[in-house]
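What follows is a short report on a single structure.
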Amino acid sequence: MEILRITTHWTPEEADCVYQFLDELKEAIWEHYGEDILDMYKTIPDEQQAGHEESDFNDEIPF
């Protein structure tokens, strides 16, 4: 794994530039991958439910 180090102190102009870039990046990602992202989120609850149904966990308290 490679660590990316970025400057964390910017001038107001630099901060605005980064902020605008992130908005543009977010829009471009959504334009290309939006449907895939939505499909991914639709499958997450199904996978979580399947995991709960197949679990052998017994939560009954013995008396």
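What you see is a predicted model; the values in this text were computed from it and never measured.
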So among Val18, Asp16, Leu22, Asp23, which one has a side-chain contact (heavy atoms from CB on, under 4.5 Å) with Gln20? Asp16
Nearest 0.5 Å, please: how far is CD1 in Ile37 from CD1 in Ile29? 7.0 Å
Quick check for you: to the nearest 0.5 Å, what is the distance between His9 atom NE2 and Glu14 atom CD? 8.5 Å
Do the side chains of Leu38 and Tyr33 get nearer than 4.5 Å, heavy atoms only? no
Residues which pass side-chain hydrogen bond (donor to acceptor under 3.5 Å, both in side chains) with Glu27, listed by chain and number, not counting sequence neighbours: none
When you group the ILVMFWY residues by side-chain heavy-atom contacts below 4.5 Å and let the links chain together, are Leu25 and Trp30 in the same group? yes
Of all heavy-atom pairs linking Met40 and Thr43, the shortest is O-OG1, 2.8 Å
Looking at NZ of Lys26 and CZ of Phe21, how far apart are the two atoms once the value is rounded to the nearest 0.5 Å? 14.0 Å
